[in-house]
Amino acid sequence: MSCKPPEEGYTLIIAEKPKAAKSIAYAISVNPSQCKYHGVPYWMINSNGRRIIVAPVAGHLFGLNTDINDIPVFKYYWAPRWEVERKAYHTKKFYNLIKYLSRSPSLVVNACDYDVEGSVIGYLVITIIVGKKFYKRMKFSSLTPEELREAFNNLQPQDTNMVEAGLCRHELDWIYGINLSRLLTKSYRNATSERRILSVGRVQTPTLIEVINRYIEVETFSKSPVFGVYASISYKGKTFTASYIGNPIRKYIDAKKIKESIENASKASIIDTKRSYEEDPPPPPYNLNDLQEDAYRLYKFSPSYTQKLAEDLYLDGLISYPRTNSQKLPPGLNTRKILNGLSEAGYSGIVDIILKENPNLVYREGRKTDPAHPAIYPTGIKPRYLRPDHKKLYDLIARRFLAVFLPSSLYAKIYIKWLAGVPLESYLRTLVKEGWLIAYLADSVSEEEIIEPKISDKGEISKVVIKTLYTDKPTYHTKTSILRWMENNNIGTESTRAEIIEILYKRGYVKDHGGKAKPTSLGLAVAEISKTFFPELTSVELTRSFEEKIQKIRDGELTREVVVEQAKKIVKKLVEDGLAKQREIEILIKNLVLGSGRKCVICGASSINTDLCPLHTRALEELIKNLYEWCDSYGITREEALRKIAKSRSVGKAVREVAQGILDEKIII
DNA sequence: GCAAGGTC
Ligand SMILES: [Zn+2]
């Protein structure tokens with residue numbers, strides 16, 4: 001078959017990406033012929049005289065652009081990305097392919113992912129490059145042949161409302177993001193005479209503020225600790241860590257008394273015991289977030305690095321589409337074929353067990369879903385050579401896929417209540433059945449014998465300790481916990497979250513301290529300016545309000561024009577007010593970034609008319625609030641408590657500094 | 001150049 005598009009009368013199907021185009025071509029024809037145009041594949045089909053061409057794009061070929069450099073700016077248009085974005089030159093060949101195939105189609109179909117963004121991608125390509133106003137929409141939620149055939153045989157009418165909703169979202173983000181970023185950049189330049197690009201946006205700014213809030217919480221944490229008394233008891237060749245049943249204890253002196261009475265008891269005798277069983281079901285199939293979390297936990301890969309590795313594996317055909325929130329495998333997936341493939345790829349031991357013990361290949365799924373893509377799974381194609389990090393990630397994905405076919409693991413839980421001057425209790429968890437854990441264990445662990453404790457038997461007490469407990473002590477964010485926070489608050493998408501986190505680092509708002517995310521003075525300044533001058537951008541509620549409006553547009557209850565006009569009005573006022581108060585913004589930047597004005601006696605940061613910066617002010621407040629508890633729980637004087645706090649690892653750094661500051665009489669209270 | 005959203 002010729003690769004030249006026919007003179008007339010053919011169907012042109014636009015897919016969002018090359019992989020999807022191929023799946024669609026093979027679903028609607030047994031022998032589509034693959035062609036190439038400047039390296040980009042497309043497929044020609046002759047079906048009972050009907051000519052069909054399936055052609056891919058690569059996500060968005062168009063982006064919003066403006067020719068105006070000033071603010072406020074509301075004049076924008078959709079421009080080919082290869083023309084206006086340096087990093088998007090590769091989209092030109094996709095653009096040219098569509099142009100080449102656009103001579104005279106009699107029917108055009110938008111077969112991009114069935115979500116709002118796919119509707120926009122297809123709409124822009126069809127209306128701008130193909131030059132058609134009317135087209136059909138293919139509706140599918142997975143790339144299985146059955147579903148694609150069904151979708152092709154039941155083409156949906158043009159998805160006007162979805163397109164309008166999507167265009168609206170783009171415009172809203174552009175109007176807020178570009179205008180306010182420029183306002184900020186301009187103010188920064190005036191204040192510092194440094195050219196530096198700053199940005200704010202609906203997703204990045206609430207995320208920055210979350211990092212800061214967590215930082216402040218950690219730094220100013222000053223709750224007095226509570227105590228736990230624990231005894232190590234040897235019995236039947238095992239060592240039990242028994243916890244005093246009155247734990248946690250508020251006062252140190254009480255903990256000491258308990259410790260002494262346990263030490264005075266010669267032995268611990270068993271006064272009660274129970275055995276129960278606990279099932280641990282296999283984990284669900286991976287979505288991107290869960291994969292990013294595991295890769296960070298096990299290998300310290302950042303979310304964006306994990307995403308990059310997963311995309312490489314996907315493009316190599318080794319795993320399914322990775323940018324998904326779904327924890328469900330696609331219906332009708334040929335799981336047997338994939339398992340056989342994995343068997344060839346070095347997982348035969350586990351696969352054999354699955355085939356033997358779960359012949360119907362029943363598998364576990366998770367709760368989370370995705371409108372356009374199923375969970376991540378290996379395709380079963382045997383990897384040739386993988387670089388070490390790719391191999392690690394592939395291995396995680398392969399083992400997770402295997403785990404979902406395996407049974408729950410089972411633990412025996414032995415409860416023992418002891419008497420050693422005071423009552424104590426211990427739990428011993430013994431693995432009874434490995435279940436899905438075999439997918440992760442190098443060697444099978446010997447199933448341990450379950451002990452059977454007897455009432456009034458005695459154990460030897462080898463050690464008694466008092467532990468300081470800080471149960472609700474907050475921790476700094478990491479890139480991974482930021483990502484989880486974004487997901488929980490429903491901002492950003494699978495494709496963008498990791499990248500947006502990187503932007504906070506790239507702009508210099510957040511700095512990495514051995515994995516911990518801490519704001520810089522610039523980040524604190526941007527947050528402060530945003531809160532003062534454009535507060536709507538600082539909360540996840542802006543996303544909620546966008547979502548509501550966009551849903552209404554989808555439902556035909558609201559138009560894009562109305563929503564965009566409202567946004568322009570709001571942003572116009574924000575920009576005008578901001579320009580009028582530019583001196584104030586510049587002073588904030590000078591104080592917070594350059595450290596002009598009055599300084600904190602502890603850290604030298606800007607302190608805005610007091611002796612302490614906002615962080616140390618807050619730390620002092622927290623310290624004063626909790627100081628009595630410290631005195632009371634240790635039975636010490638205020639002075640002694642301050643000395644203790646100044647050295648304590650259980651409080652935040654800012655609190656230690658403030659405690660020392662009081663002792664040194666730098667701070668008078 | 002700045003957003004957030006696709007995908008390469
Ligand atoms: Zn300070």
Side-chain angles (χ1 to χ4, degrees), chain A residues 14-21 39-41 56-73 76 78 81-82 84-95 97 112-113 115-125 165-189 195-208 307-308 310-312 314-316 321-324 372-373 486 491-504 506-507 526 534 537 542-543 546-547 550 567 571 575:
Chain A
I14 311 283
E16 188 160 320
K17 42 192 173 277
K19 284 233 152 79
V40 183
V57 292
H60 279 290
L61 297 188
F62 295 86
L64 284 174
N65 193 40
T66 183
D67 299 322
I68 296 159
N69 288 316
D70 211 358
I71 45 169
V73 51
Y76 47 78
W78 289 98
R81 292 186 53 225
W82 63 267
V84 294
E85 262 177 74
R86 200 167 310 167
K87 283 171 283 176
Y89 196 73
H90 65 275
T91 59
K92 187 178 183 181
K93 51 186 187 286
F94 290 92
Y95 182 99
L97 169 69
C112 294
D113 296 348
D115 50 27
V116 168
E117 218 54 47
S119 290
V120 174
I121 292 167
Y123 164 83
L124 292 169
V125 165
L167 292 172
C168 186
R169 204 276 309 146
H170 278 272
E171 292 181 45
L172 292 181
D173 277 328
W174 193 94
I175 290 166
Y176 275 88
I178 300 297
N179 278 288
L180 299 178
S181 295
R182 284 182 179 182
L183 175 62
L184 189 64
T185 302
K186 194 172 160 167
S187 309
Y188 184 85
R189 195 177 167 190
R195 279 188 102 118
R196 181 180 192 136
I197 288 154
L198 299 183
S199 62
V200 284
R202 172 178 59 83
V203 178
Q204 63 174 260
T205 305
T207 306
L208 170 64
Q307 185 165 336
K308 173 76 177 63
E311 279 159 3
D312 290 344
Y314 164 67
L315 292 174
D316 273 354
Y321 181 90
R323 296 174 215 102
T324 175
H373 304 281
M486 293 171 84
I491 59 170
T493 69
E494 306 309 317
S495 309
T496 60
R497 285 180 198 128
E499 243 354 271
I500 288 174
I501 293 168
E502 294 304 323
I503 287 174
L504 297 179
K506 190 175 111 191
R507 297 255 179 273
V526 169
F534 18 96
L537 215 50
L542 185 62
T543 297
F546 278 20
E547 283 166 351
I550 275 151
V571 173
V575 171

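Remember, it's a predicted structure, so these values are computed and weren't measured experimentally. As a basis for the values below, the full set of heavy atoms in this structure was taken, side chains included, without hydrogen atoms, waters or symmetry mates. Just so it is clear: chains get the letters A, B, ... in the order the sequence lines come, proteins before strands, and each one is counted from 1.
Counting non-hydrogen atoms under 4.0 angstrom, A:V200 reaches the backbone sugars and phosphates but no base. No contact: A:L198 has no heavy atom under 4.0 Å from any strand. Residue contacts shown for A:S199 are limited to sugar-phosphate atoms, with no base heavy atom under 4.0 Å away. Within the 4.0 angstrom heavy-atom criterion, only backbone atoms of the sugar-phosphate kind lie near A:Y321; the bases stay farther away. The residue A:G201 sits close only to the backbone: its heavy atoms come under 4.0 Å of sugar-phosphate atoms, none of a base. If you check every strand for non-hydrogen atoms under 4.0 Å, A:F546 touches nothing. When heavy atoms are screened at a 4.0 angstrom cut-off, A:E499 is found touching no nucleic acid atom at all. Here A:N69 lies in heavy-atom contact (under 4.0 Å) with a base. Among the heavy atoms of the strands lying under 4.0 Å from A:G492 are primed sugar atoms or P, OP1, OP2 only; no base atom is included.
Between B:dA4, B:dG6, B:dC2, one nucleotide has an atom nearer to the side chain of A:S181 than all others, and that is B:dC2. Side chain of A:A58, nearest nucleotide from B:dT7, B:dG5, B:dA3: B:dT7. Checking B:dA4, B:dC2, B:dT7 against the side-chain heavy atoms of A:R507 singles out B:dC2 as nearest. Among the nucleotides B:dA4, B:dT7, B:dG6, the one closest to any side-chain atom of A:E117 is B:dG6.
Atom CD of A:Q204 is separated from atom P of B:dA4 by 4 Å (rounded to the nearest Å). Regarding A:I178, its CD1 atom lies at a distance of 4 Å from the C1' atom of B:dC2, rounded to whole Å. For the pair A:L184 CG and B:dC2 C1', the computed distance is 10 Å after rounding to whole Å. The distance from atom CH2 of A:W174 to atom C1' of B:dG5 is 16 Å, rounded to the nearest whole Å. Residue A:E502 contributes atom CD, which lies 14 Å from atom P of B:dA3 at whole-angstrom precision.
Side-chain N/O atoms of A:Y176 include none lying less than 4.0 angstrom from OP1 or OP2 on B:dA4. For B:dG5, neither phosphate oxygen OP1 nor OP2 lies less than 4.0 angstrom from any side-chain nitrogen or oxygen of A:S495. A close approach under 4.0 Å does not occur between any side-chain nitrogen or oxygen of A:R169 and OP1 or OP2 of B:dA3. Distances shorter than 4.0 Å separate none of the side-chain N or O atoms of A:T185 from OP1 or OP2 on B:dG1. An OP1 or OP2 oxygen of B:dG1 is reached within less than 4.0 angstrom by a side-chain nitrogen or oxygen of A:R86.
Atom NZ of A:K308 is surrounded by 12 or fewer heavy atoms from other residues, nucleotides or ligands within 6.0 Å.
Using a 4.0 Å cut-off between a side-chain N of Lys or Arg and a carboxylate O of Asp or Glu, A:K17 and A:D113 qualify as a salt bridge. With respect to the salt-bridge test (charged N to carboxylate O, under 4.0 angstrom), the residues A:R81 and A:E85 qualify.
Looking at which nucleotide of DNA chain B each of A:T91 and A:V84 is closest to, the 5′-most match is held by A:V84. Annotation: of the two residues near DNA chain B, A:D70 and A:H60, the 5′-most nearest-nucleotide partner is A:D70.
No N or O donor and acceptor, one from the side chain of A:R323 and one from the base of B:dG6, sit under 3.5 Å apart.
Of the possible donor and acceptor atoms, one in the side chain of A:T324 sits under 3.5 Å from a partner among the backbone N and O of A:H373.
For A:K19 and A:Y314, the positive end sits near the middle of the six-membered ring, less than 6.0 Å away and at most 45° from its axis.
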